[in-house]
Peer 1: 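Sharing a structure with you now.
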2 protein chains.
Amino acid sequence: MSRVAVVTLVDLPLTSGPRGAACCIGDSCASITRAAVTEAGARDLAAVLKALADPVRLRLVSMIAAHEGGEACVCDLTEPLGLSQPTVSHHLKVLLDAGFLTRTRRGTWAYYALVPGSLDAVAATLATV
Amino acid sequence: MSRVAVVTLVDLPLTSGPRGAACCIGDSCASITRAAVTEAGARDLAAVLKALADPVRLRLVSMIAAHEGGEACVCDLTEPLGLSQPTVSHHLKVLLDAGFLTRTRRGTWAYYALVPGSLDAVAATLATV
DNA sequence: CCTAGACATCGACGCCTGTCGATGTCTAGG
DNA sequence: CCTAGACATCGACAGGCGTCGATGTCTAGG
């Protein structure tokens with residue numbers, strides 16, 4: 001864990017690893033078209049998508065981006081979601097580790113902000129298969 | 001269940017429902033920027049993303065799209081993935097119900113093909129928050 | 001130093017999900 | 001009709017995940 005997906009998120013649209021190494025072991029695939037995604041690439045993209053595949057976390061990203069100044073503290077997010085403070089902190093940590101949010105402590109409060117272009121990077125990667 | 005997400009998938013990028021109805025119940029939100037995503041919209045998008053947030057299913061989509069003719073049967077996909085036939089059929093059903101694949105029976109075999117533009121629709125919706 | 005408040009972490013509970021073997025269903029071919 | 005094969009479905013199991021209350025940690029202010 002511990003926020004290793006941030007690098008992965010940046011590397012994803014750049015198509016780092018070699019592709020098409022695990023498909024068509026038999027002789028049925030003529031490989032006329034393009035190659036398939038790598039097993040490791042699929043695992044990394046799935047990990048990033050899994051962080052977003054939750055209604056609460058999608059609303060969190062949206063609410064933070066729509067909030068004043070593009071940032072919000074936990075106390076601003078607990079009441080609209082109708083969830084407890086530990087639950088909101090848990091979801092924020094998942095988004096933080098996935099590289100979608102940043103955390104800034106100012107005084108007693110912790111302000112979360114959306115990483116610019118992180119959603120677009122995932123969307124671009126998703127469109128390439 | 002039973003493939004209701006197909007309509008949702010098409011409706012998602014069209015921004016059908018009303019937005020910004022559930023955010024900022026208190027008085028802390030000045031609503032200077034745009035409104036947040038709806039609770040129902042987040043639930044639908046999360047359901048579609050959850051179907052993609054799996055390494056095996058991402059590889060399935062990629063392998064089917066890269067296969068000859070843009071379609072593949074179950075027997076072509078079992079061996080490269082190293083999974084049992086029921087498991088592969090299970091993942092294909094998840095992608096089918098989410099609206100990413102179509103199934104066509106020809107003789108004994110069932111051919112799965114990628115729905116054109118389905119991935120791009122999700123990517124476009126994801127980029128809009 | 002002590003209190004109050006915001007947030008993170010922990011432990012526990014119930015639910016969902018990925019996986020498999022076993023079995024059912026359907027088609028092609030004798 | 002009967003067999004063989006491809007695929008779907010079922011039941012069961014282990015592991016992961018979302019949620020909460022309780023507790024720990026840190027900062028601001030007396």
Side-chain angles (χ1 to χ4, degrees), chain A residues 1-3 5 26 28 39 42-43 45-61 63-64 67 71-98 101-113, chain B residues 1-3 5 26 28 39 42-43 45-61 63-64 67 71-98 101-113:
Chain A
M1 290 275 186
S2 76
R3 206 174 316 182
S28 62
E39 180 178 353
R43 180 165 35 85
L45 180 56
V48 176
L49 287 176
K50 196 165 293 185
L52 284 177
D54 185 272
V56 174
R57 291 196 283 268
L58 281 176
R59 293 187 65 194
L60 276 174
V61 168
M63 289 168 63
I64 290 174
H67 203 266
E71 61 180 7
C73 57
V74 183
C75 59
D76 293 330
L77 304 168
T78 302
E79 188 183 357
L81 289 174
L83 294 175
S84 68
Q85 174 264 321
T87 302
V88 175
S89 284
H90 162 68
H91 287 300
L92 288 173
K93 179 176 171 54
V94 173
L95 291 171
L96 188 76
D97 293 340
L101 296 181
T102 57
R103 173 164 52 189
T104 310
R105 296 215 57 157
R106 282 203 299 273
T108 314
W109 294 270
Y111 289 90
Y112 286 87
Chain B
M1 292 277 185
S2 76
R3 207 173 316 182
S28 63
E39 180 176 352
R43 181 165 35 83
L45 180 56
V48 176
L49 286 177
K50 199 164 292 186
L52 284 177
D54 186 274
V56 174
R57 290 197 283 268
L58 281 176
R59 294 188 64 195
L60 276 174
V61 168
M63 289 167 62
I64 290 174
H67 204 265
E71 62 181 7
C73 57
V74 183
C75 58
D76 293 330
L77 304 168
T78 302
E79 189 182 358
L81 289 175
L83 294 175
S84 67
Q85 174 263 321
T87 302
V88 175
S89 285
H90 162 68
H91 286 300
L92 288 172
K93 177 175 173 53
V94 172
L95 291 171
L96 189 75
D97 293 340
L101 296 181
T102 57
R103 173 164 52 189
T104 311
R105 296 215 56 158
R106 281 203 301 272
T108 313
W109 294 271
Y111 288 90
Y112 286 87

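Every chain is numbered from 1, with letters handed out A, B, ... down the list of sequences.
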Peer 1: Using a cut-off of strictly less than 4.0 Å, decide whether H90(A) has a side-chain nitrogen or oxygen near OP1 or OP2 of dG18(D).
Peer 2: yes
Peer 1: Between C1' on dC7(C) and CG on L96(A), what's the gap in Å once rounded to a whole number?
Peer 2: 13 Å
Peer 1: Do L81(B) and H91(B) have side chains that approach each other closer than 4.5 Å (heavy atoms only, starting at C-beta)?
Peer 2: no
Peer 1: Please check the phosphate of dT27(D) (OP1 and OP2 only) for any side-chain N or O of T108(A) closer than 4.0 Å.
Peer 2: no
Peer 1: Would you kindly give the CZ-to-C1' distance between R105(A) and dC7(C), to the nearest whole Å?
Peer 2: 6 Å
Peer 1: May I ask you to verify if any side-chain N or O of S89(A) is less than 4.0 angstrom from the OP1 or OP2 atom of dA8(C)?
Peer 2: yes
Peer 1: Can you tell me if Y111(A) touches the phosphate of dA6(C), counting only side-chain N or O atoms and a distance under 4.0 Å to OP1 or OP2?
Peer 2: no
Peer 1: What's the closest nucleotide to the S84(B) side chain, out of dG21(C), dT19(D), dA8(C)?
Peer 2: dG21(C)
Peer 1: If you define the side chain from C-beta out and look only at heavy atoms, does anything of I64(B) sit under 4.5 Å from L77(B)?
Peer 2: yes
Peer 1: Could you tell me whether the phosphate oxygens of dT19(D), OP1 or OP2, come under 4.0 Å of any side-chain nitrogen or oxygen in H91(A)?
Peer 2: yes
Peer 1: Using a cut-off of less than 4.0 Å, is there contact between a side-chain N or O of R57(B) and OP1 or OP2 of dG18(C)?
Peer 2: yes
Peer 1: Looking at CZ of R43(B) and NZ of K50(B), how far apart are the two atoms once the value is rounded to the nearest 0.5 Å?
Peer 2: 11.5 Å
Peer 1: Decide yes or no, distance alone: a donor-acceptor N/O pair under 3.5 angstrom between the base of dA8(D) and the side-chain of Q85(B).
Peer 2: yes
Peer 1: Nearest-nucleotide wise, let me know which of A110(B) and G107(A) is further upstream toward the 5' end of DNA chain D.
Peer 2: A110(B)
Peer 1: Please give, in whole Å, the distance from dC20(C) C1' to L81(B) CG?
Peer 2: 15 Å
Peer 1: Measure across C73(A) and Y111(A) and return the closest heavy-atom pair with its distance rounded to 0.1 Å.
Peer 2: N-CD2, 4.1 Å
Peer 1: Mark yes or no for whether R57(A), through its side chain, and A51(A), through its backbone, hold a donor-acceptor pair below 3.5 Å.
Peer 2: yes
Peer 1: Assign each of P86(B) and D54(A) to its nearest nucleotide of DNA chain D by heavy atoms, then name whichever residue's nucleotide is nearer the 5' end.
Peer 2: P86(B)
Peer 1: Provide, to the nearest angstrom, the distance between the NZ atom belonging to K50(A) and the P atom belonging to dC16(C).
Peer 2: 17 Å
Peer 1: Could you pull out the closest heavy-atom pair between V74(A) and S89(A), with the gap in Å?
Peer 2: CG1-OG, 4.2 Å
Peer 1: Taking only N and O in the side chain of T87(A), is any of them less than 4.0 Å away from OP1 or OP2 of dG18(D)?
Peer 2: no
Peer 1: Return the value, rounded to whole Å, for the distance between atom NZ of K93(B) and atom P of dT19(C).
Peer 2: 17 Å
Peer 1: Under 4.0 Å between a side-chain N or O of R103(B) and OP1 or OP2 of dC7(D)?
Peer 2: no
Peer 1: Do H67(A) and D76(A) make a side-chain contact, defined as non-hydrogen atoms from C-beta onward lying under 4.5 Å apart?
Peer 2: yes
Peer 1: Rounding to a whole Å, what distance do you find between W109(B):CH2 and dA6(D):C1'?
Peer 2: 8 Å
Peer 1: For E71(A) and dC7(C), give me the distance from atom CD to atom C1', rounded to whole Å.
Peer 2: 16 Å
Peer 1: Compute the bend angle of the helix from dC1(C)-dG30(D) to dG30(C)-dC1(D) from the end axes (five pairs per end), rounded to 10°.
Peer 2: 20°
Peer 1: Are D54(B) and L49(A) packed together at the side-chain level, in the sense that at least one heavy-atom pair is separated by less than 4.5 angstrom?
Peer 2: no
Peer 1: Mind calculating the distance between CG (L60(A)) and C1' (dC7(C)) to the nearest angstrom?
Peer 2: 15 Å
